[in-house]
Participant: 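Would you mind keeping the following structure in view while I ask a few things?
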Number of protein chains: 2
Amino acid sequence: MEARKQALYDARARIIKALAHPTRLAIVDELSRRRRCVHELTEMIGADMSTVSKHLTVLKASGIVEDSKRGAQVYYQLRCPCVLNFFSCVETVMKLNAERDMALAR
Amino acid sequence: MEARKQALYDARARIIKALAHPTRLAIVDELSRRRRCVHELTEMIGADMSTVSKHLTVLKASGIVEDSKRGAQVYYQLRCPCVLNFFSCVETVMKLNAERDMALAR
DNA sequence: TCAATCCTTGGCTATTATGCCAAATGGCCA
DNA sequence: TGGCCATTTGGCATAATAGCCAAGGATTGA
């Protein structure tokens with residue numbers, strides 16, 4: 001494959017990969033409602049705060065979220081709310097899969 | 001997090017993860033034009049055929065593509081063309097990132 | 001039937017991702 | 001200043017991915 005194409009797919013994959021984790025999807029979902037600080041997200045998710053912080057680092061590095069400090073707290077918010085569009089397609093795939101599995105079970 | 005929510009995010013992540021690889025994005029892109037057999041995709045990508053076959057297995061397991069045999073050949077096609085919608089959002093993120101990087105460099 | 005083609009699977013290694021704990025950093029307030 | 005709270009970073013162990021080669025089916029065609 002041409003280097004040019006390859007670079008494009010690499011760049012795209014980097015962003016999509018940032019979304020390819022349940023915890024990060026939960027974070028994005030929550031941020032679609034309102035900005036949240038790490039502490040709030042940690043409570044919601046129920047993992048170690050360092051774990052949540054690292055997931056946020058991944059999302060931030062990919063450009064999906066951005067942060068803003070307010071005193072000792074760091075608030076995160078969606079930078080590209082269009083990522084929420086992903087979900088409708090994903091639901092479609094899930095529905096098709098469910099139908100397929102139903103048919104197979106019959 | 002509730003088990004119900006967790007299961008939903010897990011399911012979503014499984015599908016998104018299937019797209020989170022440059023080679024698989026290249027495959028999806030190609031299949032958006034027309035169905036292709038493994039051999040054709042292998043030529044296009046320039047990796048070992050076993051590698052391409054495994055990527056196709058991942059895409060198929062997630063429900064993004066489906067296959068149909070024609071003699072000795074296995075043709076793959078998109079099952080949910082809506083996955084192409086992902087790209088426009090990804091491009092938006094990439095554009096925002098580029099602008100941010102420009103601003104930082106100045 | 002034999003050989004060639006197409007594809008998948010097994011096996012192995014190297015790389016990357018994930019999650020926790022512990023430690024370090026930074027801000028706030030008494 | 002000292003101590004607390006919020007967050008990030010380092011370190012490490014474990015698990016998941018990716019890619020190649022080699023081997024195993026399956027199908028076509030001579």
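Just so it is clear: chains get the letters A, B, ... in the order the sequence lines come, proteins before strands, and each one is counted from 1.
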Participant: Calculate the interatomic distance between Leu56(B) atom CG and dT17(D) atom C1'; express it in whole Å.
Facilitator: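 Those two atoms, CG and C1', are 16 Å apart.
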Participant: Let me know the distance between CD1 of Ile16(B) and C1' of dT17(D), rounded to the nearest Å.
Facilitator: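 Rounded to the whole Å, the gap is 18 Å.
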Participant: Rounded to whole Å, how long is the line connecting atom CG of Asp48(A) with atom C1' of dA13(D)?
Facilitator: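 Atom-to-atom, Asp48(A) to dA13(D), this comes out as 15 Å.
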Participant: Is Thr42(A) reaching over with its side chain to a backbone N or O of Val38(A), donor-acceptor style, under 3.5 angstrom?
Facilitator: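 Here the side-chain-to-backbone pair exists.
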Participant: Between dT9(D) atom C1' and Lys60(A) atom NZ, what is the distance in whole Å?
Facilitator: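 Going from NZ in Lys60(A) over to C1' in dT9(D) covers 13 Å.
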Participant: Rounding to an integer number of Å, can you tell me how far Glu40(B) CD sits from dT5(C) P?
Facilitator: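 Taking CD of Glu40(B) and P of dT5(C), I get 17 Å after rounding.
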Participant: Taking the side chain as every heavy atom from C-beta outward, state whether Arg100(A) and Arg79(B) have any pair of such atoms under 4.5 Å apart.
Facilitator: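 Side chain of Arg100(A) against side chain of Arg79(B), heavy atoms only: contact under 4.5 Å found.
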Participant: Would one find a side-chain N or O of His39(B) under 4.0 angstrom from OP1 or OP2 of dT8(C)?
Facilitator: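 For His39(B), the contact criterion (side-chain N or O under 4.0 Å from OP1 or OP2 of dT8(C)) is not met.
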Participant: Both Gly46(A) and Gly71(A) contact DNA chain C. Which one's nearest nucleotide lies toward the 5' end?
Facilitator: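 Comparing both residues, the 5'-ward one is Gly46(A).
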Participant: Under 4.0 Å, heavy atoms only, any strand: does Tyr76(B) hit a base, just the sugar-phosphate, or nothing?
Facilitator: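 Touches sugar-phosphate only.
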Participant: Using only atom types and a distance under 3.5 Å, with no angle test, would you say the side chain of Arg12(A) pairs donor to acceptor with the backbone of Pro22(B)?
Facilitator: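 The answer is no, because no donor-acceptor pair under 3.5 Å joins these two groups.
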Participant: Tell me which nucleotide among dC6(C), dA6(D), dC20(D) gets nearest to the side chain of Gln73(A).
Facilitator: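 Given the options dC6(C), dA6(D), dC20(D), the side chain of Gln73(A) is closest to dA6(D).
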Participant: Determine whether a donor-acceptor pair (N or O, by modelled atom type, separation under 3.5 Å) exists between the side chain of Ser53(A) and the backbone of Met49(A).
Facilitator: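 Pair absent, no side-chain N/O of Ser53(A) close to backbone of Met49(A).
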Participant: Find the distance Tyr75(A):OH to dC5(D):C1' and express it as a whole number of Å.
Facilitator: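 So the two atoms are 13 Å apart, to the nearest Å.
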Participant: For His21(B) and dT16(C), is the shortest distance between a side-chain N/O and OP1 or OP2 below 4.0 Å?
Facilitator: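 Checking dT16(C) against His21(B), no side-chain N or O comes under 4.0 Å of OP1 or OP2.
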Participant: Could you tell me the separation between the CE atom of Met49(A) and the P atom of dA24(C), rounded to a whole number of Å?
Facilitator: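 After rounding, the reported distance stands at 19 Å.
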Participant: Out of dG11(C), dT7(D), dC7(C), which has the shortest distance to the side chain of Lys54(B)?
Facilitator: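 Side chain of Lys54(B) sits closest to dG11(C).
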Participant: Output the rounded distance in Å from CG (Asp67(B)) to P (dT8(C)).
Facilitator: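 Taking CG of Asp67(B) and P of dT8(C), I get 7 Å after rounding.
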Participant: Considering just the side-chain nitrogens and oxygens of His55(A), establish if one lies under 4.0 Å of OP1 or OP2 belonging to dG19(C).
Facilitator: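 Looking at the OP1 and OP2 atoms of dG19(C), one of them is under 4.0 Å from a side-chain N or O of His55(A).
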Participant: Check the phosphate of dT17(D) against Lys17(B), side-chain N and O only, distance under 4.0 Å to OP1 or OP2. Yes or no?
Facilitator: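 Answer yes for this pair, as a side-chain N or O of Lys17(B) is under 4.0 Å from OP1 or OP2.
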Participant: Hey, is CZ on Arg4(A) packed in by over 12 heavy atoms from elsewhere, all under 6.0 Å?
Facilitator: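 No, the 6.0 Å shell around CZ holds no more than 12 heavy atoms from other groups.
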Participant: Do any side-chain nitrogens or oxygens of Arg24(B) fall under 4.0 Å of OP1 or OP2 in dA18(D)?
Facilitator: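 Affirmative; the distance criterion is met.
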Participant: Does a side-chain N or O from Thr51(A) land closer than 4.0 Å to OP1 or OP2 of dG19(C), or not?
Facilitator: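 No.
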Participant: Report yes or no: is there a donor-acceptor pair, N or O only, under 3.5 Å between the side chain of Ser50(B) and the base of dC7(C)?
Facilitator: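 Such a pair does not exist between side chain and base.
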Participant: With hydrogens left out and only the distance checked, is there a donor-acceptor pair under 3.5 Å joining Lys69(B)'s side chain and the base of dG25(D)?
Facilitator: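 Answer no: no donor N or O sits under 3.5 Å from an acceptor.
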